[in-house]
Structures are given as structure tokens and as C-alpha cells.
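Comments concern the structure below.
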2 protein chains.
Amino acid sequence: MPTEKQQTQVRKEQIAQAVLSLAASHGLRGLSMAAIARRVGFGATAVYRHFKNKDEVLDAALALVGSRLRANVAAVCEETDDAIDRLYRLLMRHIKLIRDNEGIPRIVFSEDFYSGQPQRRARMYRGIEAYLGKVAAIIRQGQQAGQLDRDFEPGSGALMFLGLVQPAAILWHMSDGEFDVTRQARETWQLFLKAIRRN
Amino acid sequence: MPTEKQQTQVRKEQIAQAVLSLAASHGLRGLSMAAIARRVGFGATAVYRHFKNKDEVLDAALALVGSRLRANVAAVCEETDDAIDRLYRLLMRHIKLIRDNEGIPRIVFSEDFYSGQPQRRARMYRGIEAYLGKVAAIIRQGQQAGQLDRDFEPGSGALMFLGLVQPAAILWHMSDGEFDVTRQARETWQLFLKAIRRN
DNA sequence: CTCCATTGTAAATGCTCGTTCACATCGTAG
DNA sequence: CTACGATGTGAACGAGCATTTACAATGGAG
């Protein structure tokens, strides 16, 4: 047996990360069990020692994405107390996360990921809602502190915040990295700030 | 032969539309030749009378989306000369287009659609760029007319414009229609307006 | 009316891929 | 040290699906 044995816990993480990496280069279509396993250094069938089936593997990858997003929010709240600072840092972290793991948007926005899996779609929906809720909380904090305008709903602001990244991210990877996400995000951030800041 | 004969031109349109309809309910994964053909009222193999292979079928669907988007821009430019009006109407038309053809975002954002097809991805990129260019042109017109602020690039504004719809659209169909896109778009439109309007 | 190009069908092929099974090997508890 | 559970392997199966092929029906041009 050429491959070393490893704990299931370790393997699970490796497999989930392999899904993200592979999705980055080949999307969901080329995401076969064999490809995932090869990435880890496996035969295809070994994956079944750690997961019941492919769906469980994809679920693990999804959970990984969720934990990364939560970590970002926690980090910016650690770094600063200022609402605007928090939002800007979160924006930059979000972009970096996507740049480093191109597979994330490819999976999250891929419809094949959800087709035939209503529970997974529901879980994803709740995950995005939770993320938006945390952004909204930061915005509400800014409104109460008097930095941000009070005449809009924090939820709408949070949605717009997400809109700062999404089109840029899609264009970025459609252009094969040619499109400058970071620069564009900085530009639209200025517009966003003008929209939400107390005049 | 139970099925009536039809002109290739007619069939091509039917097939492309069938792709959009099917993608709406089952994503790209369930999008088999058999399913497409059945939707039209066909056997699977009959599709090959009109298209060389599946890739050509998907390309046709993509072209259909492009023509719909162009039609929207042309329509709003017909309806009014005012830049802000044009943008608002385009936003609403864009939303309606997506609500009526849920398959569009499912295809456009599905990475499987592009994986292994670099030319198609490039074509899509050019298509989005062209759309953004037209939005930017409307914005520039508004800047020259003095309605809109001059201190931001029209391209950035156009990107932000796209960001008004995208997250809302994704949440909409992830929530199975529960999320109110139109209401949210109206809210974020107010924010957008505050961001771009000449104070 | 009669060809024949066009449009359709059914059966068959070959490939990819998820999954199972029987067996080998590692590492650790006792 | 020894057994046994945990982990890994390769072969094989079966389903789904794109595509090809041989054949039938349609319908308009001459």
C-alpha cells in the first residue's frame, strides 16, 4: 500500500479542501470521485471510508466555506470597533478569500450543486442569510453610532454590500484573472460609502 | 411518425428555449439531450438534425440570453431619454427577465457551462462587458447632463448596477421564490441613486 | 403525381462515473 | 507480541448519457 494511513478527521478536511481546489480549475463537471481522491493521493474508493457518498463530500465542502466566512466576520470584529472600518476590512477579506479559493464561487453559484438537493439549497440559503445578518448588524451599529444614514434598512445595505463583490468576482474569473477585482472593489466601495454614509 | 415535421429555424428556437426552461427547474445537471428533446416533443436523436452536438445547443441558448439582454437595453432607450429613468427601467426589466426565465442565471453562473470551453467563457465575458458598456454609456450620458456625479467612472457605476440585481436574484431562487427580489431591488435602487446622483 | 432532400425514429455503441465487494496492510489496544 | 478495527487497493458492475447508424415518413419542387 503506497499511501500512508491517516486519521479520518484529517482525511475529511483534506477531501473537503480538495473539492474546493478542484472546483477552482475545473468546475463541478470535472469533480469526479476519482479526481477528488487523486488530489488527496488516493484511490477513488478510499473516499468511501470517510464519507458515505458523494453528496456527503460536497456537503463537507460547503461546510468548509461557511466556516471560512464566519471566521472573516469574527476577525474583522476583533480588528476594529469602527463600523465602516469593519465593513471595508470585511470586503477586502471577502475578496481575498475568493481570490485564494476560486472554487468557492464556482460551487456556491453552480446550480448543479443544489439540483435535486433541496435541503442543501435551504442550508445554503440560511448560511447566506446568516452572513447577511452579521453584515446588517455591523451596519446597524454604524447607524446607531451616527456614522451611517438611518433612512435605509440594514438588510438592504448588507445586500448591496454583497453586490459589491459578486459581479466583480464573476468577471474576474470569467476573464481568467485579467479583470482587476481589488481595484474595482475599491472604486465601488467609494460609491457604496457615499450611499450609506450620513451626509 | 407521431411528431410533426418543422423547419430547422423553428426547431432551433424551440430547442434553445427548451434549454432555458429545463435549466430553470433542474439546473445543468439534468440537462440531457433526451430531456431537451422531450421538452420539444422529440426523440433525443432528432436534435442532431438541427445541431451538430450538445455544445452547439448550449451555445444557441447562450445566444438567446444575449439577444434578450440587448433587447432590454434597446427598449428602455426607446421608452425614455432620461438617464435615471433608463437605468431604473432597465433594472426592472432585468429583474423581470430573470423572474420569467429562472434558467438564465442558472446557466450563466453555472461553471460547468464553461469548463472545458474557453471560447464560450470568453464569449460570455465579452457579452457581459458589452452589456456593462451600454449601462456605462447611459451613466456617462447622465453625468454629461449634470444629473449624475462626475467623480466616479461610469464603468464602476455599471458594475454596481449589476450588483443591485445579482445577490437578490440568487437569494430569490435559493429561497424558492420566497425572497422578494422586486422589493429589495427598489430598496437598493434608492441607495444606488444616492451613490451616483449629483448631490 | 413523383422524387428526393428534409426531418423524424429506434436500436446500438462506447464512455464516464458513482458505488460495491473481496482482499491487503497499517497501527494500536490489551 | 498479537489480534482486530481502521484504512487503503483494484476489479467489476450498472446506470446515465452523448453520439452514430440504418431506416421510415413527410412534403414541397418539378
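Hydrogens, waters and symmetry mates play no part in the numbers below; they use all other heavy atoms, side chains included. In the text below, chain A, chain B and the rest are named by the order of the sequence lines, each starting its count at 1. Note that this is a predicted model, so its numbers are computed, not measured.
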**OP:** Identify whether NZ of Lys or CZ of Arg in Arg120(A) sits under 6.0 Å from the centre of the six-membered ring of Phe113(A) and within 45° of that ring's axis.
**Re:**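 Ring-cation test returns yes.
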
**OP:** Before accepting this row, confirm whether a basic side-chain N of the pair Arg197(A)/Asp149(A) lies closer than 4.0 Å to the acidic partner's carboxylate O.
**Re:** no

Using whole Å, what does the distance between atom [atom2] of nucleotide [N] and atom [atom1] of [X] come to?
| X | N | atom1 | atom2 | answer |
| --- | --- | --- | --- | --- |
| Phe42(B) | dT6(C) | CZ | C1' | 12 Å |
| Arg11(A) | dC26(C) | CZ | P | 14 Å |
| Arg38(B) | dG8(C) | CZ | P | 17 Å |

Subject >> Evaluation steps, side chain to side chain contact (heavy atoms under 4.5 Å, CB included), between Arg198(A) and Arg150(A) >> reply: CA-CA 8 Å; Arg198(A) 195 167 174 183; Arg150(A) 283 191 172 85; 3.6 Å; yes

Original post:
Which residue pairs satisfy the salt bridge (charged side-chain N to carboxylate O under 4.0 Å, His left out) criterion with at least one member in residues 80-90 of chain B, sequence neighbours excluded?
Top reply: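 Every pair satisfying salt bridge (charged side-chain N to carboxylate O under 4.0 Å, His left out) with a residue in residues 80-90 of chain B: Glu79(B)-Arg89(B), Asp81(B)-Arg86(B).
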
**OP:** Using a 4.0 Å cut-off on protein heavy atoms (strictly under), produce a 5'-to-3' string for nucleotides 10-22 of chain C with B for base contact, S for backbone-only sugar-phosphate contact, and - for none.
**Re:** BB------SBB-B

Original post:
Is the distance from OP1 or OP2 of dG8(D) to the nearest side-chain N or O of His50(A) less than 4.0 Å?
Top reply: yes

Subject >> Smallest separation among heavy atoms of Ile15(B) and Phe42(B), with atom names >> reply: CD1-CE1, 4.4 Å

**OP:** Would you kindly say whether Tyr131(B) and His94(B) are connected by a side-chain donor-acceptor distance under 3.5 Å?
**Re:**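 A donor-acceptor contact under 3.5 Å links the two side chains.
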
